[in-house]
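Presented below is the structure to which this report refers.
Start at 1 and go down the list; that is how both ligands and their atoms are numbered. As a basis for the values below, the full set of heavy atoms in this structure was taken, side chains included, without hydrogen atoms, waters or symmetry mates.
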Amino acid sequence: MQTRNHPLISPTLGTARQITSFHYGPAGGQKIYIQSSLHADELPGMLVSWALRRKLAALEAAGKLRGEVVVVPVPNPIGLNQHVLGHLAGRFESNTAQNFNRNFYDLAALVLPHIEERLTGDVEANRNAVRATMREVLDAQRPKTELDSQRLALQRLSYDADVVLDLHCDWEAALHLYTNPDLWDDVEPLARYLDAKASLLALNSIGNPFDEIHSFCWSDLRERFGDRFPIPNGSISVTVELRGQADVSYEVADKDAQAIIEYLTLRGVIDGTAAPMPPLAFEATPLAGTEPIVAPASGVLVFRAMYGEWVEAGTAIADIVDPLTDQVSTLKCTVSGVLYARHRARLATAGMEVARVAGATPIRTGSLLSQ
Ligand SMILES: [Zn+2]
C-alpha cells in the first residue's frame with residue numbers, strides 16, 4: 001500500500017488542506033477508484049472506505065490483488081470544515097454556493113479538440129489514446145481556487161480508472177445508485193451485490209457530477225466517432241447512495257464493503273471466486289422517470305410510506321398538516337415504482353420536494369439532479 005498526498009491551493013493565510021489517496025495492489029492491470037463522502041455531510045461512505053481499506057490490506061498481504069485499487073476516504077476536506085451554528089454543511093461550498101459534486105472538469109469537451117487524429121481501428125489503442133489525452137488536458141489545467149484544485153486533484157487520480165465508485169448517501173433512503181445506461185450490463189452485478197432498491201440511468205443529467213464526467217466522455221466520443229473508430233466504455237462510473245445520512249453502522253459498512261469486494265472479485269481485480277450473485281431487487285429505471293413528490297403548502301410533514309418500498313400510482317406518500325387551518329393535504333405519487341428517498345426535514349415549506357419515486361417511463365427533461 002502506498003499513501004500519497006495531494007496539496008490543495010491554500011485559500012487563506014495560515015490554512016492548508018490536502019487530499020490523501022491510498023493505493024493497493026500492483027499498477028499496470030485494471031485500476032479501480034473509490035471515493036466516499038464527496039458531499040462532506042454524507043458519512044456512511046467514509047465508514048465503508050475504512051472497512052474497505054482493512055479488507056484490501058488483508059487481500060494485498062495475501063497476494064490476491066491483481067489490479068490497483070485507489071481509495072480516497074476524504075475527498076472533500078473543504079466541506080468537512082464548514083460548520084454553521086453547530087451543523088456540518090457539506091453539500092455546497094460556503095464561499096461560492098457551488099455544489100461539491102458539480103462542475104468537474106468536462107473531460108468530453110477538453111478531449112474532443114485533440115482526439116480525432118489519434119483514433120485508429122484498434123479499440124485498446126483508442127482506450128489508451130483517450131486516457132493519454134485526458135492526462136494531457138488535465139495537466140494543462142491551472143486551477144485558481146482551493147475548490148477547483150480539489151476537483152482537479154480528484155480527477156487526476158480517477159480519470160484512467162476502469163471502475164469509478166463515488167459513495168454518497170441521501171437524506172433518508174434505501175440504497176440506490178446512478179449510472180450511465182451504456183454501462184448497465186457492467187454495473188448490474190454491483191447493484192445485485194449491494195442490494196440496490198433503485199438503479200437510475202442517465203447519460204447526461206446536466207451539471208458535470210463526478211461519475212458522469214468519466215462515463216459521458218466515452219459515450220460522447222462513441223456517439224461522434226463510433227461509426228469510424230471503436231470506442232470502449234473506458235470508465236464504468238457509478239454514484240452509489242448508501243442509504244440515509246444517519247445510516248452509519250459497523251454492520252452495514254462491513255456489508256457494503258464486502259459487496260464491493262465481491263464485485264471486484266467478479267471483475268477479476270481480486271483473485272478468487274465471487275459470492276453467488278443475489279437477485280436484482282428491482283429493474284433499472286430512467287432517471288428521467290423519477291417523480292418528485294412536492295409539498296403544495298407548508299406544514300408538518302408526516303410520511304405515510306416507507307423508503308425502499310414499491311408504491312403503486314395513487315399511493316399516499318405523506319401528509320402535510322397545517323395546525324392553523326386544520327387542513328391536511330395528502331401527497332400521492334402518480335407513477336408506480338420504488339419510493340427510494342425521502343427528505344429528512346419534518347417541516348415542509350411550500351414547493352419543497354419531500355420524496356422521490358423511481359418510475360419506469362421518462363417524464364422529465366433538462367437538469368435531472370436536485371440542487
Ligand atoms: Zn451526495
Side-chain angles (χ1 to χ4, degrees), residues 19 33-50 52 71-84 87-94 96-104 147 150-151 153-155 157-158 164-180 187 190-191 194 196-202 204-216 237-249 252-253 256-257 260 287 290 292 307-308 340-345 352-356 358 367-371:
I19 302 290
Y33 175 87
I34 301 170
Q35 70 180 21
S36 51
S37 310
L38 178 59
H39 288 135
D41 47 5
E42 300 176 359
L43 278 301
M46 205 180 283
L47 198 67
V48 170
S49 282
W50 173 80
L52 203 51
V71 182
V72 180
V74 182
N76 184 6
I78 303 172
L80 276 179
N81 198 37
Q82 295 185 162
H83 291 83
V84 182
H87 293 278
L88 173 59
R91 186 172 183 82
F92 304 94
E93 199 211 24
S94 60
T96 59
Q98 288 190 37
N99 187 318
F100 283 112
N101 189 23
R102 302 287 185 276
N103 304 320
F104 278 92
L147 177 55
Q150 177 170 283
R151 290 174 174 134
L154 300 175
Q155 286 190 254
L157 283 164
S158 63
V164 171
L165 302 183
D166 193 13
L167 307 181
H168 288 247
C169 72
D170 214 302
W171 278 313
E172 295 180 347
L175 195 151
H176 59 284
L177 55 82
Y178 299 88
T179 194
N180 177 317
V187 175
L190 179 68
L194 286 167
K197 302 302 185 194
S199 300
L200 305 165
L201 307 183
N204 180 6
S205 53
I206 313 288
N208 291 333
F210 190 76
D211 82 283
E212 283 189 12
I213 50 112
H214 293 87
S215 60
F216 181 73
S237 55
V238 189
T239 294
V240 181
E241 302 282 344
L242 295 169
R243 307 174 193 82
Q245 280 177 317
D247 294 320
V248 176
S249 78
V252 292
D256 294 340
I260 292 170
L287 181 57
T290 58
Y307 50 81
Y340 64 92
R342 305 194 313 198
H343 208 299
R344 190 186 48 193
M352 178 193 271
E353 181 184 326
V354 303
R356 280 226 179 178
S367 180
L368 296 175
L369 297 172
S370 56
Q371 288 285 298

Next item on the list: Please determine which of Asn99, Asp170, Asn101 meets the side-chain hydrogen bond (donor to acceptor under 3.5 Å, both in side chains) test together with His39.
Entry: Asn99

Note to self: For a quick test of reading the model, state the closest non-hydrogen atom pair linking Gly308 to Ala174 and the distance between them.
What the structure shows: CA-CB, 3.6 Å

Check: Shortest non-hydrogen contact from Ala358 to Thr290?
Finding: CA-CG2, 4.1 Å

Check: Does the side chain of Leu242 come within less than 4.5 Å of Leu175's, by heavy atoms?
Finding: yes

Check: Do you know the tightest heavy-atom contact between Asp211 and Thr179?
Finding: OD2-CA, 4.3 Å

Notebook entry, point to check: In total, how many protein N/O/S atoms does one find closer than 2.8 Å to the Zn ion (ligand 1)?
Noted result: 4

Notebook entry, point to check: Do you know the tightest heavy-atom contact between Gln150 and Pro77?
Noted result: OE1-CD, 3.2 Å

